[in-house]
Amino acid sequence: MSSMIEEIIQSIIARCRASTIKETFLRWGRFNSSQLNNQIFSGPKKQIYTKILKLVQESNLNEEIIGDLELVYMQLHSRKKQWKVYKLSGNNLHLNSDPRTLRAKVLRNLQLDWRDGQVFGNMGLFAGGVWLRMHMSSIKGSRRTSYNHNSSVFVVTFPGSPYFILSKAGVKHVQLVTKAITTATNAEGLVDIQLSGHHLASLADIVLKGNGQIQSTVYREQEEEENPFVDKGSRKRKAPEEDTGDLNDINDEDSEEKEFRKSKLVKLFGTESQPVLEKLDYKLNVKFHGKPVMDTMCKSSVEVKGQSVLDGIYELAKCGVLKFPLPAHLTTVASSAQRNSFTIQARNK
């Protein structure tokens, strides 16, 4: 058994919470529930690793099959990675190739460019998306270096879609994968559209809905059906409970303003909670407008962070902290803007 097989299994068990290890290995599909019984998963992670490794040895599984395990792990635990959205450019794109053909083309292109070792490619379908795992192993001298999960680049795309969502990895690895995708799809390039975050389902829904792609259900809904580790709570906004009690005779002087804000926000954002984005980035490059007047350019960066910044903006606007009309770059992030990184600069006259 190769050291890579041992290292991948060890890495996945170490990265899983104890409560998710069994289900992750069951979803892999290489062993049935009788083989992966509760006795296998009793004890500390070190003992679980030893017992799983024995099953793998007995089944004589190779590195490619073990690569499927890492792909399944990432499908179920995608929020442990940061993701970035890219869009193909060009007029003669090949967007409807069979997922297995896409994997084969990307893998072949990577193997031509990766000169430091061997490339492993895996493909799987999950929540309506096509998932690829491209792992680039390195060889120094006569031996392969230790497995590093950051050398695996995960790619998610959708049939007929020009968008590819890539996991964060080393610059060299990402550059090679984007080049391989560009060649495989006959594109002119793969452009970073400045949309990123940990919540993969939200990123997918933003680009799929924003481009009017027809799908029976959006990614986030399908993920909730297929992923046992995802919170399946309702995404509908909860209306605040009002306890009027003995206050029915008191007039609310701000009632008209509140109703105006409420109707405006429903029109802008809808009734469901917004896609989960953890930050908005702004880069400002504008002329100084203070005194004394000068042509000096002011450059600064502003980062708004939170568990869900779009929902936070909604709540601030509802409370009257933000004044109307809200800037378009806030209200269109999840529709026509499709980005969460902006550059604000002076217009050229």
Donor-acceptor contact below 3.5 Å, side chain S137 vs main chain Q118 = yes
Are P228 and R27 close enough that some pair of their side-chain heavy atoms sits under 4.5 Å apart?
-> yes
Steps toward side chain to side chain contact (heavy atoms under 4.5 Å, CB included) verdict (W28, I65) = CA-CA 9 Å; W28 181 27; I65 294 174; 3.9 Å; yes
Give the minimum heavy-atom separation between L195 and V207, together with the two atoms involved.
-> CD2-CG1, 3.9 Å
Is a donor on one side and an acceptor on the other found under 3.5 Å between the side chain of K45 and the backbone of A14?
-> yes
Same cluster for L71 and L132 if Ile/Leu/Val/Met/Phe/Trp/Tyr side chains link at under 4.5 Å?
-> no
Any sub-3.5 Å donor-acceptor pair from N340's side-chain atoms to L280's backbone N or O?
-> no
Out of curiosity, does V171 fall in the hydrophobic cluster containing W83 (side-chain heavy atoms, cut-off under 4.5 Å, transitive links)?
-> no
Do you reckon V156 sits in the same ILVMFWY cluster as L190, going by side-chain contacts under 4.5 Å, direct or chained?
-> no
T182 versus E188, closest heavy-atom pair with distance = CG2-C, 3.9 Å
Looking at side-chain heavy atoms only, is the closest gap between L326 and L265 below 4.5 Å?
-> yes
Knowing that exactly one of M123, K179, M134 qualifies, which makes a side-chain contact (heavy atoms from CB on, under 4.5 Å) with V106?
-> M134
Could you tell me whether K318 and E315 make a salt bridge, using a distance below 4.0 angstrom between a side-chain N and a carboxylate O?
-> yes
Return yes if some donor-acceptor pair links the side-chain N/O of E23 with the main-chain N/O of T20 below 3.5 Å, else return no.
-> no
Where is the tightest heavy-atom contact between A201 and E223, given as atom of each residue plus distance?
-> CB-OE1, 3.4 Å
For the side-chain contact (heavy atoms from CB on, under 4.5 Å) test, which of T183, V153, V119 pairs with L110?
-> V119
Parallel under 30°, tilted from 30 to 60°, perpendicular over 60°: which one fits the rings of W131 and F126?
-> perpendicular
Treat each ILVMFWY residue as a node, draw an edge where side-chain heavy atoms are under 4.5 Å apart, and state whether Y219 and L95 are in one component.
-> no
Could you go step by step and tell me if S301 and D281 meet the side chain to side chain contact (heavy atoms under 4.5 Å, CB included) rule?
-> CA-CA 7 Å; S301 297; D281 285 325; over 6 Å; no
Group every Ile, Leu, Val, Met, Phe, Trp and Tyr by side-chain heavy-atom contacts under 4.5 Å, then state whether F158 and L200 land in the same group.
-> yes
Write down the atom of S152, the atom of S167, and the distance for their closest heavy-atom approach.
-> O-OG, 4.1 Å
Can you tell if the side chain of I66 reaches within under 4.5 Å of the side chain of Y147, non-hydrogen atoms only?
-> no
Geometric class of the H77/Y73 ring pair [parallel <30°, tilted 30-60°, perpendicular >60°] | parallel
Find out whether P275 and D205 are in side-chain contact, i.e. whether some heavy atom of one side chain is under 4.5 Å from a heavy atom of the other.
-> no
Between R15 and E70, does at least one N-O distance fall below 4.0 Å, as a salt bridge requires?
-> yes
By salt bridge (Lys or Arg N to Asp or Glu O under 4.0 Å), which residues pair with E64, not counting sequence neighbours?
-> R103
Please name the residue in the list I193, V174, V191 that meets the side-chain contact (heavy atoms from CB on, under 4.5 Å) test with Y86.
-> V174
Closest heavy-atom contact between R220 and S202?
-> NH1-OG, 3.9 Å
Looking only at atom types and distance, does a side-chain atom of Q194 sit under 3.5 Å from a main-chain N or O of R339, one as donor and one as acceptor?
-> no
Would I40 and F25 count as a side chain to side chain contact (heavy atoms under 4.5 Å, CB included) if you check the C-alpha gap in whole Å, the side-chain angles of each, and the deciding distance to 0.1 Å?
-> CA-CA 11 Å; I40 294 287; F25 277 84; over 6 Å; no
Is it true that a side-chain atom of S59 and a backbone atom of L61 form a donor plus acceptor pair closer than 3.5 Å?
-> no
Parallel, tilted or perpendicular, as decided by the 30° and 60° cut-offs, for the rings of F120 and H135 | tilted
Flag side-chain contact, heavy atom, 4.5 Å: K168 against K84 | no
Might you point out which heavy atoms bring L102 and T157 nearest each other, and give the distance in Å?
-> CD2-CG2, 4.1 Å
